[in-house]
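Presented below is the structure to which this report refers.
Chain letters run A, B, ... following the sequence lines, proteins first and then strands; every chain starts at 1.
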Number of protein chains: 2
Amino acid sequence: MHLDLTDLRLFLLVAEAGSITGGADRAGLALASASARLRGMEDQAGLALLERGRRGVTPTPAGRALLVHARTMLAQLDRLRGEMGEFAAGLRGHVRLLANTAASTEILPDLLAGFLAANPSLDVELQDRTSPAVAQAVAEGSAELGIAADHADFSGLERHFFRDDRLVLVTPPGHPLAGRGALPFAECLAEEFIGLAGDTALHLHVLGHAQRAGRPLRMRARVEGVDGVCRIVSQGVGVAVVPERSAARWPALAAVRLADPWAERRLHLVTRAGATLTPPARRLADHLLTAR
Amino acid sequence: MHLDLTDLRLFLLVAEAGSITGGADRAGLALASASARLRGMEDQAGLALLERGRRGVTPTPAGRALLVHARTMLAQLDRLRGEMGEFAAGLRGHVRLLANTAASTEILPDLLAGFLAANPSLDVELQDRTSPAVAQAVAEGSAELGIAADHADFSGLERHFFRDDRLVLVTPPGHPLAGRGALPFAECLAEEFIGLAGDTALHLHVLGHAQRAGRPLRMRARVEGVDGVCRIVSQGVGVAVVPERSAARWPALAAVRLADPWAERRLHLVTRAGATLTPPARRLADHLLTAR
DNA sequence: AGCCAGGCTTCGGATATTACGAAGGCTGCA
DNA sequence: TGCAGCCTTCGTAATATCCGAAGCCTGGCT
């Protein structure tokens, strides 16, 4: 039995109007078309749905049963349309945001909390990437928004200053390096390091600079989360490179500035150049750039 | 935004299959058609519903929302089809049964109770008509089943004996006519009568015979229901013509047989000659003829 | 390095569905 | 008897839908 949404709508309107003429009119159909559709429905069902009277039509019991279903289906369709409309208007949606470790662990959580609370129907997916990977992903369109440090390649991207960020070396309180200022990273390569687990952006980043300095880092441990790293260091084991913001939460640790230029970085919110953002991404970008 | 049930089904199948190719296959569509449909849906909605990957497609958040609605709508459609099927198969339905007053007030209620209990999905509509009107309505198809007395015109009808029925004159206990046997109706036209209200078949029937006897009945009151009539007569006011079965329930009343042939009648279940009954009507007819 | 395999899109033509206006039949009413 | 309201049927035109073939792209296999 083939049924059409137009059939259902027509049947509903006809039943409400009490005549095929009236229903066809409301449905914006010619009388002939309406009549043919209704006849088709009855043929398909193999039973009468409308009782043809002299002064219009009234639904048969089967027709009344059909009406119930038709109403719920059409209501469901309305809800569907409404929801799609919300998506299209950006009231509902989903944004993928890529950021380096410093931003994604220290800065963004608070900002996102505010955003999510203010936009209950928007979902955000935050992923941790090195700045170059962020820039590349946004440039080729696999993410709409990114937070990248300025050492990345910004060609093809539009950038807006986001935050300053600084990497520091944290050491246990009594450590020989503690108290030094503007320490060149090369001078601490002999230390035992604690790193982040997995493919964490910060871990890859530090590793890269160690390699560039010509010497592999001695990694005593790799753990989940910047706080995990700091906890270990605060126990007196090893040193680590972490965002200054993270170190600030651990007063028991000594934080030593790094002299290298890559440790001082400006974070930028990047989008693909020339691309118009989807409404949800637009809102998130606005929020990230304006909220304090 | 125009949407099609085929669209919804296709989208569902595509999402389940994980690829347009697979979904088109399950939907019985050519790949090209499926692709065009999906594209059309996205154009209409103004947003992406499927994320095209290298190895198939996955729904976007909007697509997932659509899936939810699609599933419920299609489920609703299935229920609808099922219900229509029940109607078509006669598992659900509606029968209009016409009967004269005696049958509809005294005999049918009990029988229908049993039928309705045994067939919870069948509805019965019982209407009160004079026997000639019953016969005519059934003959011309405006009702499928009827119960008519044998003085009606049975041409074009198929009839099956149903019950014997007799009309009696009920009087208050001490009434002069009480105790008479085989009283000609013509001899009691001078009495004061109590009748049924409205266009009740029995009322019209008795009225007709009085007219044929050349004298209008003196109607003291017309009330609802045979029991109402009997109650009044039992108070000592007037007399009435009622089915013998009704009179039997009032031992306080005297019931006098009428000598006229029209007072003795055989009730028949009638259907239109040559017409095949709808399944619900068939069941009701069977029940009426076999139940005791 | 080159070559299938799997997946999606586009293209052009055949086919079916759908819509429409006009004409016709029926009934009730003035 | 004529008119008005309502439904159906008919023939035609527009529209939507479908399909197979060809093309593009990516990833894996040889």
Check: Where do Thr271(B) and Glu144(B) land on the side-chain hydrogen bond (donor to acceptor under 3.5 Å, both in side chains) test, with the steps shown first?
Finding: CA-CA 6 Å; Thr271(B) 62; Glu144(B) 283 196 282; over 6 Å; no

Next item on the list: Run the salt-bridge test on Glu83(A) and Arg92(A) with the 4.0 Å N-O cut-off and return the result as yes or no.
Entry: yes

Notebook entry, point to check: Once each nucleotide of nucleotides 20-28 of chain C is scored for protein heavy atoms under 4.0 Å, what B/S/- sequence comes out, 5' to 3'?
Noted result: BB-----S-

Whole Å only: how far is the [atom1] atom of [X] from the [atom2] atom of [N]?
X        : N       : atom1 : atom2 : value
Glu51(A) : dC6(D)  : CD    : P     : 17 Å
Arg52(B) : dT26(D) : CZ    : P     : 16 Å
Asp25(B) : dG6(C)  : CG    : C1'   : 14 Å
Leu50(B) : dG7(C)  : CG    : P     : 15 Å
His2(A)  : dA16(D) : NE2   : C1'   : 13 Å
Leu10(A) : dT18(C) : CG    : P     : 13 Å
Leu38(A) : dT18(C) : CG    : P     : 13 Å
Asp4(A)  : dT15(D) : CG    : P     : 18 Å

Next item on the list: Mind grabbing the angle between the end helix axes of the helix from dA1(C)-dT30(D) to dA30(C)-dT1(D)? Five pairs an end, 10° rounding.
Entry: 0°

On the nucleotide [N], are OP1 or OP2 found under 4.0 Å from the side-chain N or O atoms that [X] carries?
X        : N       : result
Arg37(B) : dC18(D) : yes
Ser35(B) : dC8(C)  : no
Arg39(B) : dC8(C)  : no

Margin query: If you take any heavy atom closer than 4.0 Å to DNA chain C, which residues from residues 11-23 of chain B end up in contact?
Written below: Ser19(B), Ile20(B), Thr21(B)

Checklist line | Exam field: side chain Thr130(A) to backbone His205(A), donor-acceptor pair closer than 3.5 Å | finding: no

Margin query: Using every non-hydrogen atom in the two residues, find where Leu269(A) and Phe162(A) come nearest and quote the distance to one decimal.
Written below: N-CB, 3.9 Å

Next item on the list: Check every strand shown and say whether Gly53(A) touches a base, only sugar-phosphate, or nothing at a heavy-atom separation below 4.0 Å.
Entry: nothing

Next item on the list: Among Val14(A), Leu13(A), Asp25(A), Leu29(A), find the residue that satisfies the side-chain contact (heavy atoms from CB on, under 4.5 Å) test when tested with Ile20(A).
Entry: Val14(A)

The criterion is side-chain hydrogen bond (donor to acceptor under 3.5 Å, both in side chains); which residues satisfy it with [X], sequence neighbours excluded?
X         : result
Arg52(B)  : Glu42(B)
Arg282(A) : Asp286(A)
Asp7(A)   : Arg37(A)

Item checked: Gln211(A) CD: over 12 foreign heavy atoms closer than 6.0 Å -> no

Next item on the list: Decide side-chain hydrogen bond (donor to acceptor under 3.5 Å, both in side chains) for Thr58(A) and Glu51(A); before the verdict, give the C-alpha distance in whole Å, the side-chain angles of both, and the deciding distance to 0.1 Å.
Entry: CA-CA 5 Å; Thr58(A) 54; Glu51(A) 182 125 5; 5.1 Å; no

Next item on the list: Give the ring-plane orientation class for Trp262(A) versus His209(A), where under 30° counts as parallel, over 60° as perpendicular and anything between as tilted.
Entry: parallel

Notebook entry, point to check: Do Asn100(B) and Arg129(B) meet the criterion of a side-chain donor-acceptor pair at a distance under 3.5 Å?
Noted result: no

